[in-house]
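Small disclaimer: the values here were computed from a predicted structure and weren't measured. These numbers come from the heavy atoms of this one structure, side chains and all, not from hydrogens, waters or symmetry mates.
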Amino acid sequence: MGFADQRFNVNLSILFTELPLLERPAAAAAAGFTAVELWWPWVDSPTPEQSELDALKKAIEDAGVRLTGLNFYAGQLPGPDRGALSLPGEESERFRANIDVAADFARSLGCTALNALYGNRVDGVDPAEQDALALENLVLAARAADRVGAILLIETLNRPESPRYPLVSAPAGIAIVDKVNEATGLGNAKFLMDLYHLSMNGEDLQQVIAACADRTGHVQIADNPGRGAPGTGTLPLEELLDQLAKAGYEGFVGLEYKPGDRPSAEAFDWLPAAARAAR
């Protein structure tokens, strides 16, 4: 086994960002990839004009790539925010306004995974109040995802880079997955296992895989330290992905790493060109 046996997609919100959004799908295709994922591209608008949605849909289709993952609206990301769904007031309302927009856009492209970032803790607000709001909004998101044939992903981040984000361990993420599934009865909430974030938290990655592979709906990777391409840090990513595959994970592995001081197109030398097209 090894990297060549995985199904990779490229995250176009962290790679190829030197290009305008509408040029990134074609750039990923030119690099040999056939699958892509995105954070919510319109950070200032949970409900962009239909013409903007149509233009991105056309760019993805014209490039001949498949959209395999999409974030719901998450505030200023990249930036200081880490999601909107647990923030009382305007941001929570913006998340709710985005739910059907994101779900319908995903359906229009055959995308079957929608990621909902939890959001940072807010000064002066009871964490229990935020958690209750989060569950309410995640239930709405799970139902919308189910309506379009998608799963809902719950992601854990890392404490050093996201100190106000409450989900900074695999058990914390799994606990929210369980709460959402219990509340909806749909069973379509899944864990997003980001090996970079988990490693930054000091978790035992082999143990996490053993415990959580069967609850995992998507995997993302970057090396550590540095959040660069595989081989730029010390994580045994090839071995870890092999372990995931042996544990039964058959989904995509999102390439969510920084290209460094080189063009994104040159940041895939660790992966043979023949292995980049998703099978």
task: For Arg96 and Asn137, test the side chains for any donor-to-acceptor distance below 3.5 angstrom and give the result as yes or no.
output: yes
query: Any idea which heavy atoms bring Ala142 and Leu186 closest together, and the distance?
result: O-CD1, 3.9 Å
query: Is any side-chain heavy atom of Leu114 less than 4.5 Å from a side-chain heavy atom of Ile151?
result: no
- request: Answer yes if the side chains of Tyr73 and Arg94 hold a donor-acceptor pair under 3.5 Å, and no otherwise.
  value: yes
field: Worked check of side chain to side chain contact (heavy atoms under 4.5 Å, CB included) between Phe8 and Leu241
entry: CA-CA 11 Å; Phe8 291 108; Leu241 294 180; 4.1 Å; yes
- prompt: Are side-chain N/O atoms of Asn115 and Asn71 paired as donor and acceptor at under 3.5 Å?
  reply: yes
query: So, do Glu256 and Leu15 sit near enough that their side-chain heavy atoms are less than 4.5 Å apart?
result: no
message: Working note: Lys57 + Leu109, criterion side chain to side chain contact (heavy atoms under 4.5 Å, CB included); need CA distance, chi angles, decisive distance, verdict.
response: CA-CA 7 Å; Lys57 180 175 183 288; Leu109 285 162; 3.7 Å; yes
task: Can you run down the salt bridge (charged side-chain N to carboxylate O under 4.0 Å, His left out) pairs that involve residues 191-202, sequence neighbours left out, and say none if there aren't any?
output: none
- prompt: Does anything in residues 105-128 pair up under salt bridge (charged side-chain N to carboxylate O under 4.0 Å, His left out), and if so which pairs, sequence neighbours excluded?
  reply: Asp104-Arg107, Arg121-Asp131, Asp123-Arg164
- prompt: At what distance, to the nearest 0.5 angstrom, does CG of Asp242 lie from CG of Asp5?
  reply: 7.0 Å
Test side chain to side chain contact (heavy atoms under 4.5 Å, CB included) applied to Leu235 and Leu205, step by step: CA-CA 10 Å; Leu235 292 183; Leu205 298 183; 4.1 Å; yes
